[in-house]
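Presented below is the structure to which this report refers.
Because only heavy atoms are used, hydrogens play no part in the values below, and waters and symmetry mates are left out as well, while side chains stay in.
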Amino acid sequence: MRTATLGPAQRAESLASMAERELDVLVVGAGVVGAGTALDAATRGLSTGLVEARDWASGTSSRSSKLIHGGLRYLEMLDFALVREALKERGLLLERLAPHLVKPVPFLYPLQHKGWERLYAGAGVAMYDAMSMARGHGRGLPMHRHLTRSHALRVAPCLKKDALVGALQYYDAQMDDARYVATLVRTAVAYGAQAANRARVTGFLREGERVVGARVQDVEGGGEYEVRAKQVVNATGVWTDDTQAMVGERGQFHVRASKGIHLVVPRDRIHSTTGLILRTEKSVLFVIPWGRHWIVGTTDTDWDLDKAHPAASSADIDYLLEHVNSVLAVPLTRDDVQGVYAGLRPLLAGESDATSKLSREHTVAHPVPGLVVVAGGKYTTYRVMAKDAVDAAVHGLDMRVAECVTEEVPLLGAEGYPALWNARARIAARTGIHVVRVEHLLNRYGAMAEELLELVTDDPTLGEPLPAADDYLRAEIVYAASHEGARHLDDVLTRRTRISIETFDRGTRSARLAAELMAPVLGWDKDQIEREVQHYEKRVEAERESQRQPDDLTADAARLGAPDIVPL
């Protein structure tokens with residue numbers, strides 16, 4: 001099938017098209033759930049629009065632990081249904097829907113007590129594997145295994161010898177969350193959806209009690225559109241209550257934001273061939289392999305300050321370092337931390353105990369005619385949430401609509417990926433690009449890597465790495481603006497790539513060249529390039545300052561010192 005291009009011209013066409021005729025479904029919010037909902041609706045044959053106030057996945061969906069997992073700890077809470085559902089989705093993503101983006105990752109669970117803990121934890125991991133296999137989608141991952149202490153220390157030499165008496169090793173999966181969402185949006189557009197980022201809903205259109213669309217402001221161009229739709233889906237995550245307030249309805253539940261922060265450290269700071277999962281007094285702590293880095297996370301604290309830019313405080317960073325250092329033979333210090341990012345989990349909170357408990361489960365409601373709300377949930381089960389949201393919207397449509405088919409719809413780049421992966425040495429020889437870089441492209445774009453290689457053929461300088469961020473080719477910066485909807489430098493350095501958390505300078509040394517590569521695609525002049533670079537540098541400094549502050553209030557104030565960029 002054809003791929004979809006999300007460049008400046010396509011964005012303008014999408015906004016104009018959405019305003020021209022009534023849609024069947026308009027989705028508000030392009031995190032993973034909103035993007036998934038747009039894909040679900042479009043693949044049922046519904047005319048579909050998707051609008052996002054900022055960038056794809058700019059909220060929670062770019063700031064997760066980057067795991068696709070069943071939720072091993074939910075077994076301990078006896079939430080078998082949630083684990084079973086998530087394990088099925090994990091298998092689908094690994095094997096059918098996105099094998100180019102979702103990859104297996106091993107975890108070691110250190111045991112600290114002889115006897116009973118191995119039996120207890122081992123039974124849980126065995127059940128985890130059995131539930132996965134029973135769904136018919138677990139054969140792509142190795143089974144768990146029991147390790148002695150000496151074997152565990154060979155696998156993870158970073159651990160203190162007295163930190164464990166043995167260990168269990170099991171497998172889950174991981175992805176680049178923001179890249180996944182961008183691919184999801186492109187897939188929805190390839191199936192006929194219209195999508196526009198930097199398009200903010202400022203209010204809902206009403207006919208009596210019924211919601212019949214939304215007023216959408218083009219944040220880039222300054223115009224305003226009336227987009228009419230038979231059904232509107234509110235998929236705005238932690239902003240759900242704010243969006244609902246536009247129609248004066250909160251419904252039977254509200255969404256509470258819980259902050260989780262993560263540290264990114266270089267791979268050589270932790271000597272291990274496997275990820276780690278550790279218990280804390282409140283939850284679990286993950287040490288996750290991430291290319292040439294590790295991700296260490298996460299925390300779980302209430303957050304009622306700025307939702308767009310949750311800030312990590314010095315206390316948050318100290319908490320993670322203290323807990324991970326409790327098991328590391330060579331402790332991490334502040335100087336080892338390359339990047340820090342904070343995200344907000346959208347947790348359901350009921351108006352009463354009878355309505356909803358605080359939960360990772362999701363809820364779909366129809367608070368007023370014409371408006372569906374989907375909230376809660378976890379990244380792994382986005383497809384189920386999207387299906388439930390569209391099912392609810394279909395009830396309000398006066399037409400026969402096909403059942404959900406997304407279980408059978410691979411994301412763009414999946415088709416042909418295994419064959420290209422097998423041919424990667426030949427591709428490297430043909431293009432003159434090192435095979436390691438070809439692998440990098442295939443694991444980020446799948447079969448669409450051919451489109452980047454064409455850019456390099458047309459302009460060989462784009463095959464060179466970006467200075468100070470040499471994991472990425474210059475072609476990836478151009479492609480982000482021309483094909484993936486990136487509108488600003490921040491979009492590219494923070495979400496299309498992960499330069500902002502994978503380099504000690506947090507992308508400031510790469511910023512100017514990246515902006516110059518984007519400029520021809522987006523029509524920037526020298527003044528706009530300068531504004532983009534200055535804005536990015538101010539954002540980085542504000543984040544650094546927030547991470548020096550002692551608590552949430554002072555960290556939030558420091559982070560807000562760098563306002564969002566507004567085009568002139």
Side-chain angles (χ1 to χ4, degrees), residues 63-67 73 105 107-112 152-153 155-164 167 174 258-303 305 309-345 498-507 540-556 558-559:
R63 305 165 189 234
S64 73
S65 297
K66 328 239 179 277
L67 292 177
R73 67 193 178 100
V105 60
F107 285 102
L108 191 77
Y109 175 68
L111 300 169
Q112 296 177 315
L153 290 171
V155 171
C158 60
L159 294 172
K160 293 177 182 175
K161 291 182 179 179
D162 61 358
L164 70 166
Q174 70 177 163
S258 167
K259 184 179 72 168
I261 83 144
H262 296 80
L263 311 180
V264 181
V265 300
R267 194 64 180 261
D268 62 5
R269 300 302 198 271
I270 299 176
H271 188 192
S272 178
T273 60
T274 178
L276 305 172
I277 177 172
L278 312 168
R279 275 192 179 276
T280 71
E281 67 276 8
K282 296 177 183 176
S283 182
V284 294
L285 186 74
F286 286 103
V287 180
I288 305 162
W290 180 254
R292 295 199 295 175
H293 308 83
W294 297 96
I295 293 175
V296 181
T298 180
T299 57
D300 187 359
T301 54
D302 283 336
W303 180 264
L305 301 169
H309 305 293
S313 69
S314 180
D316 292 327
I317 296 169
D318 288 342
Y319 172 87
L320 288 181
L321 289 176
E322 177 188 345
H323 280 81
V324 75
N325 284 340
S326 69
V327 300
L328 294 182
V330 179
L332 297 174
T333 69
R334 286 290 187 110
D335 291 339
D336 295 321
V337 177
Q338 275 184 303
V340 182
Y341 65 92
L344 301 177
R345 302 177 191 88
R498 293 306 189 151
I499 293 169
S500 66
I501 58 171
E502 291 176 348
T503 59
F504 277 109
D505 64 273
R506 303 197 181 178
V540 170
E541 182 48 43
E543 285 188 347
R544 288 189 187 278
E545 183 60 29
S546 71
Q547 291 153 21
R548 290 189 281 264
Q549 301 306 310
D551 54 38
D552 284 352
L553 277 173
T554 51
D556 179 66
R559 175 61 186 88

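- The nearest pair of heavy atoms linking Leu285 to Val324 is CD2-N, 3.7 Å.
- Rounding to the nearest 0.5 Å places CG of Leu276 at 7.5 Å from CG of Leu328.
- Annotation for Pro110 and Ala167: closest pair CA-CB, 4.2 Å, computed over non-hydrogen atoms.
- The backbone N or O of Gln338 sits less than 3.5 Å from a side-chain atom of Arg506, completing a donor-acceptor pair.
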Steps toward side-chain hydrogen bond (donor to acceptor under 3.5 Å, both in side chains) verdict (Arg63, Thr298): CA-CA 11 Å; Arg63 305 165 189 234; Thr298 180; over 6 Å; no
Chi angles and distances behind the side-chain hydrogen bond (donor to acceptor under 3.5 Å, both in side chains) call for Glu502, Trp290: CA-CA 10 Å; Glu502 291 176 348; Trp290 180 254; 2.8 Å; yes
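- A pairwise comparison of heavy atoms in Glu545 and Ala558 identifies CG-CB, 3.9 Å as the closest pair.
- Minimum interatomic distance between Asp316 and Ala311 (heavy atoms only, all atoms of both residues): OD2-O, 4.1 Å.
- Note: Ser500 OG to Asp505 CG = 10.5 Å, rounded to the nearest 0.5 Å.
- Using a 4.0 Å cut-off between a side-chain N of Lys or Arg and a carboxylate O of Asp or Glu, Asp268 and Arg292 do not qualify as a salt bridge.
- The heavy-atom pair separating Val340 from Ile501 by the smallest distance is O-CG2, 4.2 Å.
- For the pair Lys66 and Tyr341, the cation-pi criterion (under 6.0 Å, within 45° of the ring axis) is fulfilled.
- One N or O on the side chain of Asn325 and one on the backbone of Leu321 form a donor-acceptor pair closer than 3.5 Å.
- The distance from atom CD of Gln547 to atom CD1 of Ile261, rounded to the nearest 0.5 Å, is 7.5 Å.
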Step-by-step side-chain hydrogen bond (donor to acceptor under 3.5 Å, both in side chains) determination, Asp551 to Ser313: CA-CA 5 Å; Asp551 54 38; Ser313 69; over 6 Å; no
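- Shown here for Pro289 and Val287, the closest heavy-atom pair between the two residues is CD-O, 4.0 Å.
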